[in-house]
Visitor: 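Here it is, the structure in full.
Bear in mind the structure is a predicted one, so any value in this text is a computation, not a measurement.
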Amino acid sequence: MKKSKKLLSSLTAAFVAFNVLAVFPVPVSAADAAKVKLRIMETTDIHDNLINYDYYSDKATDQYGLAKTATLIKKAREEAKNSLLFDNGDLIQGNPMGDYVAKIDPLKKGETHPVYKAMNLLDYDAGNIGNHEFNYGLDFLDMTLEGANFPYINANVYVDDGDKDETNDKNYFTPYKILDKKVTDENGKEHTIKVGVIGFVPPQIMQWDSANLEGKVIAKDIIATAKKFIPKMKAEGADIIVAIPHSGFEDIPQTDLMENSVLYLSQVEGINAILFGHAHKVFPSADFKGKKGVDLEKGTINGVPAVEPGFWGDHLGIIDLDLEQVDGKWKVVDSKTEARPIYDTANKKPLVDADQAIVDAVHDEHEGTLEYVRGPVGETTAPINSFFALVQDDPSIQIVTNAQKWYVEKKLQGTDYENVPVLSAGAPFKAGGRSGASYYTNIPKGTIAIKNVADLYVYPNTVHAVMVNGAELKEWLEWSAGQFNQIDPAKGGQQQLINMDFPTYNFDVIDGVTYQIDVTQPAKYDSKATVVNTSASRIKNLSFEGKPVDPAQKFIVATNNYRASSSKLANPDGKRIVLAAPDENRQVIIDYIRENKTINPTADGNWSLAPIKPSAGVTAATLNDLEVVFASSPDAKDLVEANPAMSFIGTNKDGFAEYGLKLTGEAAATPKPEPSPAPTPKPEPTPAPAPAPKPTPAPKPQPEKPATNHKVVYVVQKGDNLYRIGLKHGVDWRVLVKTNKITNVYNLKVGQKIVIPVS
């Protein structure tokens with residue numbers, strides 16, 4: 001009996017053990033977990049480039065445009081069972097179409113902005129706010145967003161409630177969304193994954209757009225904001241979290257209110273993917289090689305999958321996540337990242353066609369923009385070209401530096417910097433080189449249209465200003481002087497002047513000081529601003545207002561965001577930026593020409609190549625045999641023949657004309673610009689005239705000038721806006737708003753009378 005019980009007990013234990021193993025396999029096999037492949041796509045920094053069209057050159061392009069990206073989006077969707085599409089902002093500003101919709105033919109309540117006419121066709125899942133969304137003001141932004149058929153998010157912009165109690169601050173936008181995404185796993189079974197999406201914008205919007213935002217909103221630190229909201233999103237059930245910062249990557253120490261904070265955002269626990277932008281770069285790419293936390297092969301930053309798809313729609317960002325459901329929770333087990341291009345830059349050919357539905361959706365706004373850009377900006381009293389920009393002071397650079405100086409001086413009025421001398425740096429962007437013999441600025445005398453401004457400034461940079469001292473200014477110019485090869489007077493004969501390894505866009509001419517460049521001396525810096533000859537000194541006779549520059553004297557130099565943020569010569573310790581404006585240099589040039597109406601493109605001759613004179617071991621006969629050679633456009637031949645310091649040599653195999661330049665003699669032989677007719681004097685706003693003793697002619701209908709109440713009445717014309725009316729009369733547009741009690745600055749009507757206060 002005992003033996004029977006013992007046997008029964010053993011059988012029972014074995015049966016129980018068998019059932020335990022049968023019901024609860026140990027361990028749970030990965031093969032049994034649900035597996036989902038989820039594709040996440042991103043567009044960013046479209047800047048109103050909806051159609052593949054270059055409005056400045058007035059021709060189609062294959063290198064950018066959302067119409068091209070749309071083709072990539074549709075193809076990428078076809079490749080994946082499950083996908084999401086997000087946009088990362090900077091949509092409504094940045095090219096002439098943006099200005100046309102905001103200022104020329106302003107968007108009205110109830111109308112749909114062309115960016116959303118296009119994007120609504122592409123089934124976006126959500127969008128983030130970029131810094132340029134604030135350029136036209138909050139009212140315009142709010143009205144614009146009403147046209148989107150997908151939700152918008154931003155977590156770090158708050159309503160300015162006027163108190164200093166952060167505990168009661170309210171978000172201006174919806175800080176995040178949790179999307180219920182229906183997906184199909186690898187076995188064909190459906191699931192719902194809760195995808196949390198959160199967006200951020202650089203806190204610097206409060207400086208860049210203070211006029212539009214001050215007293216209305218505040219912006220907080222991106223990292224602190226992420227640490228606040230990510231746990232909340234997890235608590236509310238988010239299975240995975242996608243962060244969409246309109247912010248770039250910088251491998252520098254973390255600071256409060258950091259503009260480009262993606263490196264540190266990737267360290268915030270709980271984020272599964274990062275879609276970033278703002279910096280107009282491509283990640284993953286060689287630009288990020290060796291950067292902290294970056295794995296280019298995997299496309300991760302500190303292990304977090306990340307992508308940045310360039311700008312203007314030239315790439316589509318793609319992150320493919322492999323998800324597994326373990327114990328009821330979804331985990332990212334693998335990922336792959338790609339920035340897919342629309343154009344093959346190496347072979348210079350398009351990779352996709354434009355999506356005709358996008359083109360058709362914005363047809364009317366495109367045609368209106370073309371009419372706008374073909375309109376006049378002002379007049380030039382002489383042709384403007386960059387044929388000789390590398391050998392003499394040049395009018396195409398002079399106009400740029402004049403406009404930048406004009407803008408920066410206005411922006412610094414009333415600040416601690418208003419009494420610091422403002423200089424201005426500009427470079428010859430279109431000066432041949434690797435872009436070919438036709439790549440030169442060449443604007444004829446007469447009317448300048450908006451599209452012509454691209455010949456003066458080809459990049460979408462924004463205006464910045466940096467503080468340097470006299471010694472640092474000289475070093476900046478020494479780097480710039482690396483544009484030239486060293487000329488050996490003792491050798492005589494023909495010697496090539498231009499260093500083709502030095503990009504012409506780094507050849508900064510700095511107006512406001514005078515100087516000469518001695519090309520018989522070795523260059524101190526190479527093209528990457530690395531010192532190659534410590535004791536070299538090419539910059540001679542550097543002067544300000546007729547006196548040698550004091551090494552300790554402070555100067556502010558107007559430049560662009562690229563130079564201010566990336567050059568150790570322009571910004572030696574990384575802390576020299578005193579103005580980081582949101583306005584593009586190109587738009588500043590347009591406004592400058594509009595204000596002056598007629599411009600004289602003559603350069604002021606503030607720099608020249610130093611003359612080469614006889615010296616020890618160098619005879620006059622040897623110098624007489626010396627001819628400095630440079631390449632330029634064949635179109636410059638007629639101008640060269642009229643200049644005794646230059647001669648035409650011939651045409652080389654690359655299609656460039658080669659010219660000789662005499663730098664020898666008692667006087668500097670560098671040719672000076674030919675004089676141009678004097679510009680039409682710019683009319684100055686004046687107070688209404690005092691009553692005259694005799695009858696005066698009837699006043700013109702525009703502007704009307706009442707005789708006694710010290711004001712001018714301006715009648716609004718087609719295309720006018722308050723900013724341009726203010727520029728025309730030297731009055732801040734906000735003063736016009738207050739004086740005329742205007743409640744909607746975007747609703748001016750043709751024929752409306754605007755009172756212009758006259759001091």
Visitor: Find the distance between CD (Glu545) and OG1 (Thr514) and round it off to the nearest 0.5 Å.
Guide: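 Separation between the atoms: 10.5 Å.
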
Visitor: Determine whether Asn606 and Val509 satisfy the following criterion, side chain to side chain contact (heavy atoms under 4.5 Å, CB included), listing intermediate values before the conclusion.
Guide: CA-CA 9 Å; Asn606 75 298; Val509 170; 4.2 Å; yes

Visitor: Would you say the side-chain atoms of Asn585 and Gln404 include a donor-acceptor pair closer than 3.5 Å?
Guide: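 Side-chain D/A pair, Asn585 to Gln404: present.
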
Visitor: Donor-acceptor pairs under 3.5 Å, side chain of residues 547-559 to any protein atom, not counting sequence neighbours: which ones?
Guide:
{"residue": "Asp550", "atom": "OD1", "partner": "Ala552", "partner atom": "N", "Å": "2.9"}

Visitor: Measure the shortest side-chain to side-chain distance between Asp591 and Glu595 over non-hydrogen atoms and say whether it is less than 4.5 angstrom.
Guide: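 Result no, sub-4.5 Å side-chain heavy-atom pair not found.
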
Visitor: State, yes or no, whether a side-chain contact exists between Ile517 and Gln483 at a heavy-atom distance under 4.5 Å.
Guide: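 A side-chain contact under 4.5 Å is absent here.
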
Visitor: Within the 4.5 Å heavy-atom criterion, are His464 and Ser565 side-chain neighbours or not?
Guide: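 No - every pair of side-chain heavy atoms lies 4.5 Å or more apart.
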
Visitor: Minimum heavy-atom separation for Asp45 to His278, with atom names?
Guide: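 For Asp45 and His278, the tightest heavy-atom pair comes out as OD2-N, 2.9 Å.
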
Visitor: Is there a donor-acceptor pair under 3.5 Å between the side chain of Ser608 and the backbone N or O of Ala610?
Guide: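 Between the backbone of Ala610 and the side chain of Ser608 there is no qualifying donor-acceptor contact (under 3.5 Å).
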
Visitor: With side chains defined as the heavy atoms from C-beta onward, is the minimum distance between Arg538 and Glu478 less than 4.5 Å?
Guide: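 Arg538 vs Glu478: side chains touch.
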
Visitor: Say whether, by atom type as modelled, one donor and one acceptor occur between the side chain of Glu475 and the main chain of Leu569 under 3.5 angstrom.
Guide: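 No.
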
Visitor: Using modelled atom types and a 3.5 Å cut-off, is there a donor and acceptor pairing between side-chain atoms of Thr530 and backbone atoms of Asp526?
Guide: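 Side chain of Thr530 to backbone of Asp526, a donor-acceptor pair under 3.5 Å: no, none is there.
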
Visitor: Strictly by salt bridge (charged side-chain N to carboxylate O under 4.0 Å, His left out), give each pair with a member in residues 646-659 just once, sequence neighbours left out.
Guide: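 Counting only pairs at least two positions apart or across chains, no salt bridge (charged side-chain N to carboxylate O under 4.0 Å, His left out) contact touches residues 646-659.
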
Visitor: For the pair Asp58 and Lys451, evaluate salt bridge (charged side-chain N to carboxylate O under 4.0 Å, His left out) and give the outcome as yes or no after the intermediate values.
Guide: CA-CA 7 Å; Asp58 203 356; Lys451 63 184 181 180; 3.3 Å; yes

Visitor: Among Asn95, Asn52, Asp54, which residue satisfies the side-chain contact (heavy atoms from CB on, under 4.5 Å) criterion with Tyr64?
Guide: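 Passing option: Asp54.
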
Visitor: Indicate yes or no for a side-chain donor-acceptor contact from Asn596 to the backbone of Tyr592 under 3.5 Å, with no hydrogens or angles considered.
Guide: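 Between the backbone of Tyr592 and the side chain of Asn596 there is a qualifying donor-acceptor contact (under 3.5 Å).
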
Visitor: Taking only residues at least two apart or on different chains, which pairs with a member in residues 488-509 satisfy salt bridge (charged side-chain N to carboxylate O under 4.0 Å, His left out)?
Guide: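 Only Arg434-Asp501, Asp508-Arg563 qualify under salt bridge (charged side-chain N to carboxylate O under 4.0 Å, His left out).
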
Visitor: For Lys430, does its backbone N or O pair with a side-chain atom of Ser386 as donor and acceptor, under 3.5 Å?
Guide: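 Such a contact is found between Ser386 side chain and Lys430 backbone.
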
Visitor: Once rounded to the nearest 0.5 Å, what's the spacing between atom OG of Ser632 and atom CG of Leu390?
Guide: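 Nearest 0.5 Å value for the OG-CG distance: 8.0 Å.
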
Visitor: Can you list the steps and then say if Val466 with Ile577 is a side chain to side chain contact (heavy atoms under 4.5 Å, CB included)?
Guide: CA-CA 4 Å; Val466 293; Ile577 296 174; 4.1 Å; yes

Visitor: Between His47 and Gln93 (side chain of the first, backbone of the second, donor and acceptor by atom type, cut-off under 3.5 Å), is there such a pair?
Guide: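 Yes; at least one donor-acceptor contact below 3.5 Å.
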
Visitor: How many angstroms lie between NZ in Lys349 and OH in Tyr343, if you round to the nearest 0.5 Å?
Guide: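 Answer for the NZ-OH pair, Lys349 versus Tyr343, is 10.5 Å.
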
Visitor: Could you check Phe288 against Asp251 for side chain to side chain contact (heavy atoms under 4.5 Å, CB included), going step by step and ending with a plain yes or no?
Guide: CA-CA 9 Å; Phe288 295 85; Asp251 185 0; over 6 Å; no

Visitor: Quick check: do Tyr457 and Asn560 have side-chain heavy atoms less than 4.5 Å from each other?
Guide: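 Counting from C-beta outward, Tyr457 and Asn560 do come under 4.5 Å.
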
Visitor: Is there a side-chain contact between Ile450 and Ile590 in this structure, where contact means two heavy atoms from C-beta onward sitting under 4.5 Å apart?
Guide: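 The answer is yes, as the side chains (C-beta and beyond) meet within the 4.5 Å cut-off.
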
Visitor: Considering only heavy atoms from C-beta outward, does the side chain of Pro428 approach that of Ser396 to under 4.5 Å?
Guide: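 They are not in contact (no side-chain heavy atoms under 4.5 Å apart), so the answer is no.
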
Visitor: For Arg576, is there any backbone N or O sitting under 3.5 Å from a side-chain donor or acceptor partner on Asn571?
Guide: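 It does hold such a pair.
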
Visitor: As a quick check of understanding, evaluate side chain to side chain contact (heavy atoms under 4.5 Å, CB included) for Leu497 and Leu609, giving each step before the final call.
Guide: CA-CA 11 Å; Leu497 177 64; Leu609 297 173; 3.9 Å; yes

Visitor: Are Asp90 and Phe311 side-chain neighbours, meaning at least one heavy-atom pair lies under 4.5 Å?
Guide: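 SC-SC contact between Asp90 and Phe311 ruled out.
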
Visitor: Ile384 and side-chain contact (heavy atoms from CB on, under 4.5 Å): which single residue from Asn452, Thr602, Leu456 fits?
Guide: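 With Ile384 as partner, side-chain contact (heavy atoms from CB on, under 4.5 Å) holds for just one option, Leu456.
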
Visitor: Can you tell me how far apart CG (Asp393) and CZ (Phe388) are? Round to the nearest 0.5 Å.
Guide: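 Atom-to-atom, Asp393:CG and Phe388:CZ are 14.0 Å apart.
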
Visitor: Check whether Thr401 reaches the backbone of Gln398 with its side chain - one donor and one acceptor, N or O, closer than 3.5 Å.
Guide: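 Confirmed, Thr401 side chain pairs with Gln398 backbone.
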
Visitor: Which atom pair, heavy atoms only, marks the closest approach of Thr534 to Lys524?
Guide: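 Looking at all heavy atoms of both residues, the closest pair is O-CE, 3.4 Å.
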
Visitor: For the residue pair Tyr525 and Asn533, confirm or rule out a side-chain donor-acceptor distance under 3.5 Å.
Guide: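 No, no side-chain donor-acceptor contact under 3.5 Å.
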
Visitor: Does either side chain, that of Tyr440 or that of Asp635, offer a donor lying less than 3.5 Å from an acceptor on the other one?
Guide: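 No.
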
Visitor: Do Phe507 and Trp607 have ring centres separated by under 6.0 Å?
Guide: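 Yes, the ring of Phe507 comes within the 6.0 Å limit of the ring of Trp607, centre to centre.
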
Visitor: Classify the side-chain pair Glu627/Gln494 by whether it contains a donor and acceptor separated by less than 3.5 Å.
Guide: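 Result is yes, a qualifying pair exists.
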
Visitor: Counting only N and O atoms by type, is there a donor-acceptor contact under 3.5 Å from the side chain of Lys662 to the main-chain atoms of Asn624?
Guide: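 Present.
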
Visitor: Can you confirm whether or not the ring centre of Tyr659 sits under 6.0 Å from the ring centre of Phe630?
Guide: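 Under 6.0 Å, so yes.
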
Visitor: Check Pro601 against Thr381 and note the closest heavy-atom contact, atom names and distance.
Guide: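 Answer, listing the atom of Pro601 first, then Thr381: CD-OG1, 3.5 Å.
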
Visitor: Taking the six-membered ring for Trp and the single ring otherwise, decide whether the centroids of Phe283 and Phe249 are under 6.0 Å apart.
Guide: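 No, too far apart.
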
Visitor: Any idea which heavy atoms bring Ile539 and Ala481 closest together, and the distance?
Guide: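 Between these two residues, the closest heavy atoms are CD1-CB, 4.2 Å.
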
Visitor: Show the nearest heavy-atom pair for residues Phe544 and Gly512, with the distance to one decimal.
Guide: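 Minimum heavy-atom separation between Phe544 and Gly512: CD1-O, 3.3 Å.
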
Visitor: Output the distance between atom OG (Ser647) and atom CG (Leu661), rounded to the nearest 0.5 Å.
Guide: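 Between atom OG of Ser647 and atom CG of Leu661 there are 8.5 Å.
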
Visitor: Any chance you could measure Asp394, atom CG, to Gln392, atom CD, to the nearest 0.5 Å?
Guide: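 It is 7.0 Å, given to the nearest 0.5 Å.
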
Visitor: Between Gln486 and Gln495, what is the shortest heavy-atom contact and its length?
Guide: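 Result for this residue pair: O-OE1, 4.3 Å.
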
Visitor: Hydrogens and angles aside, do Glu584 and Thr462 bring a side-chain donor and acceptor to less than 3.5 Å of each other?
Guide: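 No, Thr462 and Glu584 have no side-chain donor paired with an acceptor closer than 3.5 Å.
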
Visitor: Between the side chains of Asn541 and Gln516, does any donor sit under 3.5 Å from an acceptor?
Guide: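 Gln516 and Asn541 do have a side-chain donor-acceptor pair below 3.5 Å.
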
Visitor: If you draw a 6.0 Å radius around NZ in Lys411, do more than 12 non-hydrogen atoms from other residues or ligands fall strictly inside?
Guide: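 12 or below, so no.
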
Visitor: Could you tell me if the ring centre of Tyr439 sits under 6.0 Å from that of Phe656?
Guide: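 Centroid separation for Tyr439 and Phe656: 6.0 Å or greater.
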
